[in-house]
Amino acid sequence: MAIFDNVRYGQIEADAHQTTLHLLTEVADYLSRLPAHPKTHAMIQKVQSHLDNPKAKAQNARLAMLAEDQTLSAKIQSGDGFKGTSRLIPSGAPVIAARLLYPKLRLESPAVQELLNAGEQLQADTLSAAIGRAIAEGVTIDLSPIHPIVDHVWLDPQAVMTPSHKNENA
């Protein structure tokens with residue numbers, strides 16, 4: 001799903017809809033704690049069946065994803081997203097990659113991850129120790145704004161920038 005793909009969802013505001021669904025869950029919880037009454041019981045069943053409906057669950061998941069995308073999009077558009085890397089190892093992987101999506105700064109080592117993926121535990125440990133010493137002394141990484149389309153791999157919190165990711169951005 002593209003970050004700015006609002007056409008697919010029409011005029012829906014995911015944050016507002018997600019808030020409504022959370023409120024509906026609270027209402028069902030509240031109603032279930034009231035004294036037994038046929039009308040109250042009927043309303044609980046109606047609300048609960050809506051919340052338990054598999055189609056509604058898929059809709060909830062889709063809305064949560066859209067809300068997260070809209071929040072991330074707003075952060076990037078406001079200029080709160082930056083990326084940068086430190087020096088590279090011979091394979092082209094950065095020793096340290098930094099991603100700032102205010103207020104969170106994520107530092108990772110694609111170079112160490114590449115070594116671990118290749119089964120080079122000793123080299124990965126040696127490089128990790130060197131990174132630790134460098135950070136203790138202070139590392140400066142020049143940051144540049146994240147472009148929401150060109151830099152899509154930087155937006156994934158689980159992504160580690162490796163040479164294969166750099167080819168995707170080319």
_Suppose we screen for salt bridge (Lys or Arg N to Asp or Glu O under 4.0 Å). Which residues come up paired with R133, at least two apart in sequence or across chains?_
none

*May I have the step-by-step check of side chain to side chain contact (heavy atoms under 4.5 Å, CB included) for I89 and E114, ending in yes or no?*
CA-CA 10 Å; I89 63 172; E114 185 178 289; 3.8 Å; yes

_Could you report the tightest heavy-atom contact between S86 and P94, atom names first, then the distance?_
O-CB, 4.4 Å

_Heavy-atom closest pair, residues V47 and A28_ = CG1-CB, 3.6 Å

*If we only count heavy atoms from C-beta on, is the K104 to R99 side-chain gap below 4.5 Å?*
no

*Are Y30 and M43 grouped together when hydrophobic residues (ILVMFWY) are joined by side-chain heavy atoms under 4.5 angstrom apart?*
yes

*Spacing of L122 atom CG and L127 atom CG [to the nearest 0.5 Å]*: 11.5 Å

*Between OG of S109 and CG of L115, what distance do you get to the nearest 0.5 Å?*
8.0 Å

*To the nearest 0.5 Å, tell me how far Q45 CD sits from L31 CG.*
11.0 Å

*NZ on K83 to CD1 on I141, rounded to 0.5 Å*: 12.5 Å

_For E26, all residues meeting side-chain hydrogen bond (donor to acceptor under 3.5 Å, both in side chains), sequence neighbours excluded_ = none

*Steps toward side chain to side chain contact (heavy atoms under 4.5 Å, CB included) verdict (E120, L116)*: CA-CA 5 Å; E120 302 289 341; L116 290 172; over 6 Å; no

_Spacing of T126 atom OG1 and Q121 atom CD [to the nearest 0.5 Å]_ = 9.5 Å

*Could you grab the distance from atom CG of L107 to atom CG of L105, nearest 0.5 Å is fine?*
4.5 Å

Got a list of side-chain donor-acceptor pairs under 3.5 Å for residues 34-42, not counting sequence neighbours?
from, atom 1, to, atom 2, distance (Å)
H37, ND1, K39, N, 3.0

*Minimum heavy-atom distance between S32 and D29, given as atom pair plus value*: OG-O, 2.7 Å

*Give the C-alpha distance, both sets of side-chain angles, the deciding distance and a yes or no for side chain to side chain contact (heavy atoms under 4.5 Å, CB included) between T85 and I96.*
CA-CA 6 Å; T85 59; I96 300 173; over 6 Å; no

